[in-house]
Structures are given as C-alpha cells and as structure tokens.
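Data first, discussion second: the structure below is written as structure tokens.
Here is how names work: the chains are called A, B, and so on, in the same order as the sequence lines, proteins then strands, and each is numbered from 1. Worth knowing before you read on, the calculation uses all heavy atoms, side chains too, and leaves out hydrogens, waters and symmetry mates.
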2 protein chains.
Amino acid sequence: MSVRSPQNPPDGPARLDPGGTANGLRSDARENRERILRAAREAYAAQGIDVPLTTIARRAGVGIATLYRRFPTRAALMAEVFGEQLAQCTAELHKALQDPDPWNGFRSFVEKVGAMQTTDRGLTSALLSHFPDAAGHDHGHIEELLARLVQRAKDAGKLRADFHLGDIALVLLANCGVIGGAGDDAPAASRRLVAYLLQSFQADHGTPLPRPAPLELRRVYAPSAS
Amino acid sequence: MSVRSPQNPPDGPARLDPGGTANGLRSDARENRERILRAAREAYAAQGIDVPLTTIARRAGVGIATLYRRFPTRAALMAEVFGEQLAQCTAELHKALQDPDPWNGFRSFVEKVGAMQTTDRGLTSALLSHFPDAAGHDHGHIEELLARLVQRAKDAGKLRADFHLGDIALVLLANCGVIGGAGDDAPAASRRLVAYLLQSFQADHGTPLPRPAPLELRRVYAPSAS
DNA sequence: GGCCAACCGGAGAGCTTCTTCCATTTCTCC
DNA sequence: GGAGAAATGGAAGAAGCTCTCCGGTTGGCC
C-alpha cells in the first residue's frame, strides 16, 4: 500500500497520517516499523497467519518489545499488513472490470485471486476478515466492485443467474482448504479446483442449487476462534 | 520412548488381537481404553483434531497418564479413532456401489461424505491421513472401492472421463476449508460447494481441465506440518 | 557537544500443552 | 483373603508462545 506520505511537512501543525500510526515517529522507529511490516508480510505468506510474533520480530531484526510497541495487538499488525494485500486485490478487481468481456474478466479475476492464495497463505484471511482498525482500505469498496463484476457477468448471460456474492467467499475458503492440505501439489490442486468451480458458475448449467449460504465476505476477525 | 511392554503374556501362545492393542488388558484397563476412544471421538468431532490430549483425558474421566499409557503418541490415538470413521465411510461406499444408478451412487456418496465432514471435523483427517499403525482398517480397500465407484459412473457416461481419483481428495479438502471458515453457515455452505462441484463432475461439461493434481487420498500424517 | 525524551532489546512472568515419573490403588489368580 | 503384577492419577519438568517491565541506548534539537 505505502500510502503514507513519506515526507511530513516539518512544521505542519495539523497531524495528518490518516492511517493513524506511522508519522511522528523518530527516524529509527519509522525504519523499524517498515522492517516489521515487511517481515510480517513475508512470514504470513510463508507460514500463514498463525506465525508466532517472536518469529516476525526475529525476522525483522528487532526485539519483540519493539514489535509490541508499534503494534499493540496481533490484529493491529494484521490489519496493516492485510491492508496492503487488499489493495492488491482491489487492483486486480479494477483490471477485471476493464476487461471488455465480462465473463473473461470474472473468470480471470477468480483465477488470479486463487493463484494469489497459493502464493500467500495470509491472503484468505485478508479477504475474509474485517479488521476494525484497518483504516484506509475499506472492505465495502471491494465488495461493491465485486458485486459489479458479478452483475456484469450475469448481465452478459455468461454467469449463472443464481450465483451469489457469497459464492466468492466459498471459492476462497474452498481453495484455502485445498492449499492447506495439498502440500506441494497445492498449485496444481488449486488450479483444478478453481477450474471445476468456474465451469459450474457458467450460465449454461441449468441444474438448480441448494440455497446459498449467507456467507459474508466480510467477517469479524475473532482471534480466539480458529 | 521407553515403551515398557505392558502386556506381556506370561505364556500366551497365539497373539490374537488383530487390531493390535485391546486384548490382554486388565478389565479396568480395557474399560478405560473404550472410554478414551469415545471421548476422543466426541472431542475430535466437536473441536477438530487439535484438541488437547488433556481435554480428551478429562472428558474420558481418566488421568492423562492413562491416556498416554494406552496411546503412546497422538497418532496412535487418532489411528484408532479414525479407523472407526473409515469403517463408516467404507459402509457408505458399499451402499453407493449397490445403487442401481451409477451416477446417483457416486453423487449420493460425495454428498454423504460432505455432510459427514460437516458433522465431524476429524473426518477429513481420517480420510486424508494414513496412519501407519491403523491396523485393521486399510485405506487401500477404500481407495479400491472408490476407484470402482468412479469407474462405474464413468462407464455409465455420467461422470466426466477426465475425472481423477485425486479429485475426491480435492472435494474433501475444499469442503474442509469451507467448513472451517464458514462458521455457523457451514452446513449450507458445504452443501452448496458440493453441489457446484458435482455439476462440474458431470460428463456433459466439455471444457477441458488443468492437469489433475497428483493428490493422493492417502497421505502421511505429519504432526509437525499443520 | 550535550541533554533528554523517545526508543531499544532482552529478561522474565504467566499461560497452555506435551510428556514422564512415581507413590498409591485395583484387579486377578491362587 | 492375600500377594503381586497391572493400572492409576496427578505432580512436575520441558517447551513454546504472549505480553510487560526496565535498564541501557540513540536520534534530534539547543
């Protein structure tokens, strides 16, 4: 994301920093903060969201206390990291909406996000979780874009009419399960799952479906619940 | 590991106990063993395979040491519990093979197992894991029956020819992900996922698929890997 | 150059879970 | 009913993780 204006006007009286946390820090602190975020991003991608905080701190080359000082809760850190991931998804979404072929845009978006999940084990959480303090990146926006993408494909007659927005979450969760369980075969397995699902999503499959699950893309992050 | 062989028959000539462990125990020990298995089954179903051993012991009304004496490793306990689950699956499989309509047998089996996963969070592990000491219940048998079920449906022209046995594992893993992430909506979400997938599995969908992942139903249980 | 608030890292308390050890109790056989 | 092997439960050690406290360090401003 790197939204944060790098140079803060030295005399600016008004405290800007809409993200909320990065400015006003001493230079060494700001540097460490970036290092922590980078390390967290890598660690989440590699090991999933359950990676111990000590691991992230070590990876960043800072003490655990520094990490805690900068991000008082686990959720605060995740919010920051996943904000960047969400931005990436939003970018993909915009790209998909610009595809002249609505179905192709939809299909390639689902495939793309599926592939991103394979690379980054934290992405699913990013998409399915709602971090109250993830300022700046609002889920609502993603959801709205997604709804447009879906509607566009339906209007073109290529996406089945009974497709539900929650089915996107279904894909993400299903793919997450496959990736988690398939070990080294994860990329191939994930591609195949997505291909299967996309075939079912096409409009020419008349068979009726069970009622959609009321899955929300947006889901409260509950650290205790696993 | 200090396995002080607890039951050494004084002179017993024929060692029966094909399951491997239950006979030759004192009556109270055998009773406790059953209690532990029952508690473990319930705990796994309710909380998944990560449930602490102390929880199982408490639930069984025995001390933790008793659990350890009977099942030296976590895997040993799981092997025993999941052996029962596998037996249940095998029964379903037989039932499906007896369905006069091959596709209907296939479909109902997949739906049934999907529903069982919703009820029992340990079942996926049971099906995807291979416990070296799960004597008595052999995965090979299940796999063979499954292969017959698949082939039968293919021969009837209802299941797509490029369906791969590993796609069954794909369904299980995907469903597992959905169940784990969907919270209270798990049953509905799972049903919908399975319905989507089953539609794609039907033979009249000509679109080619990515190459199948070499997923094996049988998978070495690796406690360290999550 | 020197001050001092901001910042740092590591030690350690507190918690959960796994695993082993051992004094005590219980069952079985005679 | 008594001897002794088998079995028991709980304490305790080990390990991993989260989070806090505190003495020492450093960047930024005069």
Pairwise N/O distances under 3.5 Å, protein to nucleotides 12-18 of chain D:
{"unit_1": "D/dT18", "atom_1": "OP1", "unit_2": "A/R74", "atom_2": "NH1", "d": "2.8"}
{"unit_1": "D/dT18", "atom_1": "OP2", "unit_2": "A/L53", "atom_2": "N", "d": "2.9"}

Margin query: Give me each pair satisfying ring-ring contact (aromatic ring centres under 6.0 Å, His included) with a member in residues 165-189 of chain B, each pair once, sequence neighbours excluded.
Written below: none
Notebook entry, point to check: Tell me: CG of A/L77 to P of D/dC19, nearest whole Å?
Noted result: 12 Å
Margin query: Centroid separation under 6.0 Å, is that true for the rings of B/Y196 and A/Y196?
Written below: no
Checklist line | Whole angstrom value for the distance that separates C1' of C/dG9 from CZ of A/R35 | finding: 13 Å
Notebook entry, point to check: Once you round it to whole Å, what is the distance between P of C/dC18 and CD1 of B/I49?
Noted result: 12 Å
Notebook entry, point to check: Taking only residues two or more places apart in sequence, or in another chain, which ones meet B/K95 in a side chain to side chain contact (heavy atoms under 4.5 Å, CB included)?
Noted result: B/E92
Tabulate below the donor-acceptor pairs under 3.5 Å that side-chain atoms of residues 40-48 of chain A make, not counting sequence neighbours, or state none.
{"unit_1": "A/R41", "atom_1": "NH1", "unit_2": "A/E84", "atom_2": "OE1", "d": "2.1"}
{"unit_1": "A/R41", "atom_1": "NH1", "unit_2": "A/E84", "atom_2": "OE2", "d": "3.0"}
{"unit_1": "A/E42", "atom_1": "OE1", "unit_2": "A/R59", "atom_2": "NE", "d": "3.4"}

Notebook entry, point to check: Pairs in or reaching into residues 169-189 of chain B: which pass ring-ring contact (aromatic ring centres under 6.0 Å, His included), with residues at least two apart or in two chains?
Noted result: none
Item checked: B/R26: salt bridge (charged side-chain N to carboxylate O under 4.0 Å, His left out) partners, not counting sequence neighbours -> B/D28
Next item on the list: Return the value, rounded to whole Å, for the distance between atom CG of B/L67 and atom C1' of D/dG10.
Entry: 14 Å
Next item on the list: Could you list the residues that satisfy ring pair (Phe, Tyr, Trp, His ring centres under 6.0 Å) with A/F106, not counting sequence neighbours?
Entry: A/W103, A/F163
Under-3.5 Å N/O pairs linking protein and nucleotides 4-8 of chain C:
{"unit_1": "C/dA6", "atom_1": "N3", "unit_2": "A/R26", "atom_2": "NH1", "d": "2.9"}
{"unit_1": "C/dC7", "atom_1": "OP1", "unit_2": "A/R26", "atom_2": "N", "d": "3.2"}
{"unit_1": "C/dC8", "atom_1": "OP1", "unit_2": "A/N32", "atom_2": "ND2", "d": "2.6"}
{"unit_1": "C/dC8", "atom_1": "OP2", "unit_2": "A/R69", "atom_2": "NH1", "d": "3.2"}
{"unit_1": "C/dC8", "atom_1": "OP2", "unit_2": "A/R70", "atom_2": "NH2", "d": "3.1"}

Item checked: By side chain to side chain donor-acceptor pair (under 3.5 Å) - contacts of A/N32 (at least two apart) -> none
Notebook entry, point to check: Bend angle of the helix from C/dG1-D/dC30 to C/dC30-D/dG1 from five-pair axes at both ends, rounded to 10°?
Noted result: 0°
Next item on the list: Just jot down the side chain to side chain donor-acceptor pair (under 3.5 Å) partners of A/Q85, sequence neighbours excluded, or say none.
Entry: A/D120
Note to self: B/Q88: which residues meet the side chain to side chain donor-acceptor pair (under 3.5 Å) condition with it, sequence neighbours left out?
What the structure shows: none
